[in-house]
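Data block below; observations after.
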Amino acid sequence: MEWTRKDLLSLYDLSAEEITFLLDTAAEFKKVNERNVKKVPALRGKTVVNFFVEPSTRTRVSFELAEQRLSADIVNMQAQVSSLKKGETLLDTVRNIEALQVDLVVMRHSATGAQDFIAKHLKCGVVNAGDGAHEHPTQALLDLFTIREKRGDFKGMNVTILGDILHSRVARSNMWGLLKLGANVTLAGPSTLVPKEFESVGVRVCHDLKEAVRNADVVNILRIQHERQTAGFFPSTGEYAKFFGINEETLKYMKKDALIMHPGPINRDVELSTGVADGPQSVILEQVTNGLAVRMAVLFLVAGCVKK
Ligand code: CP
């Protein structure tokens, strides 16, 4: 197929064919990352601005490294020392960036829809590196890549996403991607963090940990997102860990070969014990490794659609 989008904003927007094409392209870039010389000239002469208006370790470093491996010129912008602090609007800020003949803006923002908004106003490409509790498309793509690499075809696969679903952009992007590729998706956690309303999009909602993980081929465990919670959604982190934490005891309810995933950062011994996070079923660091290839694929494909 031919890639036709200058922006990557969500997995909700993409077809199964587009997602598969992205994963196949990432598989080629993974081979580049395993060579002695890990650099290709695919984005030589292109300029990418990384604009993170919210903290990040994995996504920011992974995008920057992906851009370097593609030979792009890179500018890293920090919101705290930008003119946003002087009252400039987000749109004025990004229009000024574009006026410098930039090809791509990779942005993380705490406001849902911020990237969709700027993409409508810019000719350059926009890549969503996470917007509020809405979407984190490259995280979901690297999760899908890792699952496909380990387990093959998604059709009929049981994937449980466990934790703070309400506040999670990772859950939403994963859910759309998995459903489009034919997986059975269970969203699990306390009823305050996993509303029944999600069932209307074709997922199973489960508030009992044992039941949620029993038949899972993959359990993707999410961080409790204290920074986005405006109310007490559960009595204490200790209580959460007791009823919904994955540890050596709760691992016994699962299939022996179920994959344990987590997008990071981990609250160790809250949603996931150290023993399981670092244990043989965990693919958490492989997710990070695959993220580099996935972001190279995304940057390569969207850059090819930016009209100058
Ligand atoms: N998974 C993820 O988005 O991590 P960062 O917030 O560190 O980028």
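As the structure lists them, so they are numbered: ligands from 1, and atoms in each ligand from 1.
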The single option from Ile118, Val126, Leu90, Val106 passing side chain to side chain contact (heavy atoms under 4.5 Å, CB included) against Phe51:
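Between Phe51 and the candidates, side chain to side chain contact (heavy atoms under 4.5 Å, CB included) is satisfied uniquely by Leu90.
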Say whether Thr186 and Arg204, considering side chains only, have a donor N or O and an acceptor N or O under 3.5 Å apart.
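Looking only at side-chain atoms, Arg204 and Thr186 do form a donor-acceptor pair, the distance falling under 3.5 Å.
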Quick one: do the Thr146 and Gln287 side chains pair a donor with an acceptor below 3.5 Å?
no
Would Lys30 count as a cation-pi partner of Phe145, with NZ or CZ less than 6.0 Å from the six-membered ring centre and within 45° of the ring normal?
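Ring-cation test returns no.
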Mark yes or no for whether Asp7, through its side chain, and Leu9, through its backbone, hold a donor-acceptor pair below 3.5 Å.
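The answer is no, because no donor-acceptor pair under 3.5 Å joins these two groups.
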Ignoring hydrogens and angles, tell me if any N or O in the side chain of Asp269 forms a donor-acceptor pair with the backbone of Thr274 under 3.5 Å.
yes
Residue selection (non-hydrogen contact nearest [atom]) among [options]:
atom: atom 2 (C) of ligand 1; options: Thr59, Thr138, Leu142; value: Thr59
atom: atom 3 (O) of ligand 1; options: His136, Arg60, Gln287, Gln139; value: His136
atom: atom 4 (O) of ligand 1; options: Arg223, Arg58, His262, Arg169; value: Arg58

Atom indices of ligand 1 within 4.0 angstrom of Thr57 heavy atoms, with elements:
5 (P), 7 (O), 8 (O)
For ligand 1, which atoms sit closer than 4.0 Å to a heavy atom of Gly264?
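Taking each heavy atom of Gly264 in turn, ligand 1 has 1 (N), 2 (C), 4 (O) under 4.0 Å.
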Any N or O of Pro263 that comes nearer than 3.5 Å to an N or O of ligand 1?
yes
Flag Arg108 as yes when one of its N or O atoms lies below 3.5 Å from any N or O atom of ligand 1, and as no otherwise.
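Between Arg108 and ligand 1 (N or O atoms, distance only) the closest approach is under 3.5 Å.
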